[in-house]
Number of protein chains: 2
Amino acid sequence: MPRVSDMKQRLTDAALDLMWENSYGTTSVDAICERAGAKKGSFYYFFKSKSELTVAALEAEWNKNKANMDALFSPTIPPLERLDRYFDYVHDRLAELKKECGSILGCPLLSIGSEVSTQDQSVRATVDRIWDRKIKYFESAIRDAHAQGLIVAPDPEAKARALFACYHGTLAQARIQNDVELIRDFKHVAMDVLGVKQAQAVSK
Amino acid sequence: MPRVSDMKQRLTDAALDLMWENSYGTTSVDAICERAGAKKGSFYYFFKSKSELTVAALEAEWNKNKANMDALFSPTIPPLERLDRYFDYVHDRLAELKKECGSILGCPLLSIGSEVSTQDQSVRATVDRIWDRKIKYFESAIRDAHAQGLIVAPDPEAKARALFACYHGTLAQARIQNDVELIRDFKHVAMDVLGVKQAQAVSK
DNA sequence: CTCTTAGTAGACCAACCAGTCAACTATTTA
DNA sequence: TAAATAGTTGACTGGTTGGTCTACTAAGAG
């Protein structure tokens, strides 16, 4: 089996970086190739189309983050603290990225998903699928919190979806206003959504 | 003063329709002209660029909705009911649009804003400005509710921003999943965010 | 050493993009 | 009726887009 290459991954990495910072539409195949150090021929050797590359890039990003997500949402951590740590983690990462590129980028799933949802069903479905996987982390944290009597959430799945949506709205607003402030404040909003009383909130 | 024309408005209407349903990037000047029944020359007679047209289209949309927003958020209506009615109104409108085009479109401010935020500062700033105006409706409803002892919100501006962000996250998720369900449920989430006890919620 | 296979190279294409421009036309005022 | 003004027309341009194609090359297996 001759000749190995990491070009496929370089292409998905480049694509996600560019689409996250800019948008799906303004990220051209040429630009992706340039950033990955590839030529057009290589691109279309690995992917049938820009759409297919995007699906692969989103799945690759998920796989890259999964281990970290598993750690953040480990059942060994008190359930509300899992959420708290996750919010901190995202905040810190976005703040770090802002130093590099000057902008708060929000969540690529939402940006890309919202942009292509009515136009590209396979990308839309991919975003949808990954979105659901991420909600599962919220869901089990919420279920555990309910079981421990920290909150009242008889329908953890619905609560998780609602909280996840609220969080992404905050990330989107942060992107539009290019301001981390809201993200920092979201922790308190999350406690409201979950119905945690101040006294019960995660102590520092 | 010779020759009058409603073409400027036809162009902004067409642009907003297309960008709302599809996206900023995939909405071409040609497509806008076709839908408005204009030729390229007319487009660039009224607007210097696609970017400038978009700014005008967003402002025009705001002006079209303003009277209705003023009515929905009239101080004569109990504060929490104002929000309730607003959520109903948006839900009904999006459900109606879905019948026409097959998709839940979400909020054009968020879709367009998120897409262009890092690329087009004047459109970004316009979205930002209109976003702030809309928050004002939430803010005064929240302040009134606080004054009446219906909720505890010592910082109505922050609460309004948070609630608005949560709502838009829900609208974005509805667009991505093409599902009204979440929007229907948002009313209850809003009451959680505001800290309204069930018994105090708007009665039917 | 050579065959096979996985990957690379880059010229090329038709479609489309935002934007330009000079000629044209309808309408109002004087 | 004629001049001035407000709006319209559509061909055109140069650059970009996603995608194709044929020729090429590096490396492991026999």
Side-chain angles (χ1 to χ4, degrees), chain A residues 1-58 60 112 115-124 126, chain B residues 1-19 21-58 60 112 115-116 118-124 126:
Chain A
M1 250 159 227
R3 209 171 187 178
V4 283
S5 166
D6 61 344
M7 189 53 83
K8 191 166 181 172
Q9 191 199 316
R10 302 238 306 277
L11 285 165
T12 53
D13 283 353
L16 200 103
D17 286 353
L18 291 170
M19 288 178 189
W20 195 2
E21 178 168 355
N22 305 303
S23 69
Y24 178 86
T26 60
T27 299
S28 69
V29 173
D30 283 329
I32 295 166
C33 287
E34 195 186 339
R35 177 180 261 246
K39 302 291 159 146
K40 268 267 181 71
S42 294
F43 184 102
Y44 287 98
Y45 173 73
F46 289 111
F47 306 102
K48 281 214 302 279
S49 65
K50 183 180 168 185
S51 169
E52 198 178 80
L53 172 270
T54 306
V55 168
L58 290 168
I112 296 171
E115 183 180 349
V116 308
S117 63
T118 61
Q119 321 234 40
D120 187 317
Q121 284 314 301
S122 64
V123 173
R124 212 224 79 222
T126 303
Chain B
M1 249 158 229
R3 209 170 186 178
V4 284
S5 167
D6 61 344
M7 188 55 82
K8 191 166 181 173
Q9 190 199 316
R10 302 236 308 275
L11 285 165
T12 53
D13 283 353
L16 200 103
D17 285 353
L18 290 170
M19 289 177 188
E21 178 168 352
N22 306 302
S23 70
Y24 178 85
T26 61
T27 298
S28 69
V29 173
D30 282 325
I32 295 167
C33 288
E34 197 187 338
R35 176 180 262 245
K39 302 290 154 125
K40 266 266 180 71
S42 293
F43 184 101
Y44 286 98
Y45 173 74
F46 289 110
F47 306 103
K48 280 216 302 280
S49 65
K50 182 181 167 185
S51 169
E52 199 178 80
L53 171 269
T54 307
V55 168
L58 290 169
I112 296 172
E115 184 181 349
V116 308
T118 61
Q119 321 234 42
D120 186 318
Q121 285 313 301
S122 63
V123 173
R124 212 223 81 223
T126 303

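So you know, we letter chains A, B, ... as the sequences are listed, proteins then strands, and number each from 1.
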Exercise for the section: May I ask you to say what A:F46 touches in the nucleic acid, namely base, sugar-phosphate or nothing, with a heavy-atom cut-off under 4.0 Å? Expected result: sugar-phosphate
Exercise for the section: Assign each of A:A38 and A:Y45 to its nearest nucleotide of DNA chain C by heavy atoms, then name whichever residue's nucleotide is nearer the 5' end. Expected result: A:Y45
Completion exercise
Rounded to whole Å, CG of A:L18 lies from P of D:dT17 at a distance of 12 Å
Completion exercise
In whole angstroms, the gap separating P of C:dC21 from CZ of B:F43 amounts to 17 Å
Practice task
Measure from NZ on A:K48 to C1' on D:dT20 and round the result to the nearest Å.
Solution key: 15 Å
Problem - Distance-only donor-acceptor test, B:K40 side-chain atoms vs C:dG19 base atoms, 3.5 Å - result: yes
Handout entry: Exam field: side chain B:K39 to backbone B:E34, donor-acceptor pair closer than 3.5 Å
Key = no
Practice task
Identify whether any heavy atom of B:S51 sits under 4.0 Å from a base atom; if not, whether one sits that close to sugar-phosphate; answer base, sugar-phosphate or nothing.
Solution key: nothing
Problem - Length of the line joining A:N22:CG and D:dT16:C1', which is rounded to integer Å - result: 16 Å
Practice task
Answer with base, sugar-phosphate or nothing: what part of the nucleic acid does A:S28 contact at a heavy-atom distance below 4.0 Å?
Solution key: sugar-phosphate
Practice task
Grab the CD-C1' distance between B:E34 and D:dG10 for me, whole Å please.
Solution key: 15 Å
Problem - Check: B:T126 side chain, B:V55 main-chain N or O, donor-acceptor pair, under 3.5 Å - result: no
Handout entry: Within 45° cone and under 6.0 Å: B:K8 NZ/CZ vs B:Y45 ring
Key = no
Exercise for the section: Figure out the CD1/C1' separation between B:I32 and C:dC17, and round it to whole Å. Expected result: 12 Å
Practice task
Answer with base, sugar-phosphate or nothing: what part of the nucleic acid does A:K50 contact at a heavy-atom distance below 4.0 Å?
Solution key: sugar-phosphate
Exercise for the section: Without swapping roles, check the side chain of B:K40 against the backbone of B:V29 for a donor-acceptor pair under 3.5 Å. Expected result: no
Completion exercise
Taken to the nearest whole Å, CG/B:D30 to P/D:dT9 is 15 Å
Problem - Nearest-nucleotide 5' precedence on DNA chain D, A:S49 against B:K39 - result: B:K39
Problem - Nearest-nucleotide comparison on DNA chain D, the residue closer to the 5′ end among A:T26 and A:G41 - result: A:T26
Handout entry: Donor-acceptor contact present, side-chain A:T27 to main-chain A:S23, <3.5 Å
Key = yes
Practice task
Please state whether the phosphate of D:dT20, meaning OP1 or OP2, lies under 4.0 angstrom from any side-chain nitrogen or oxygen of A:Y44.
Solution key: no
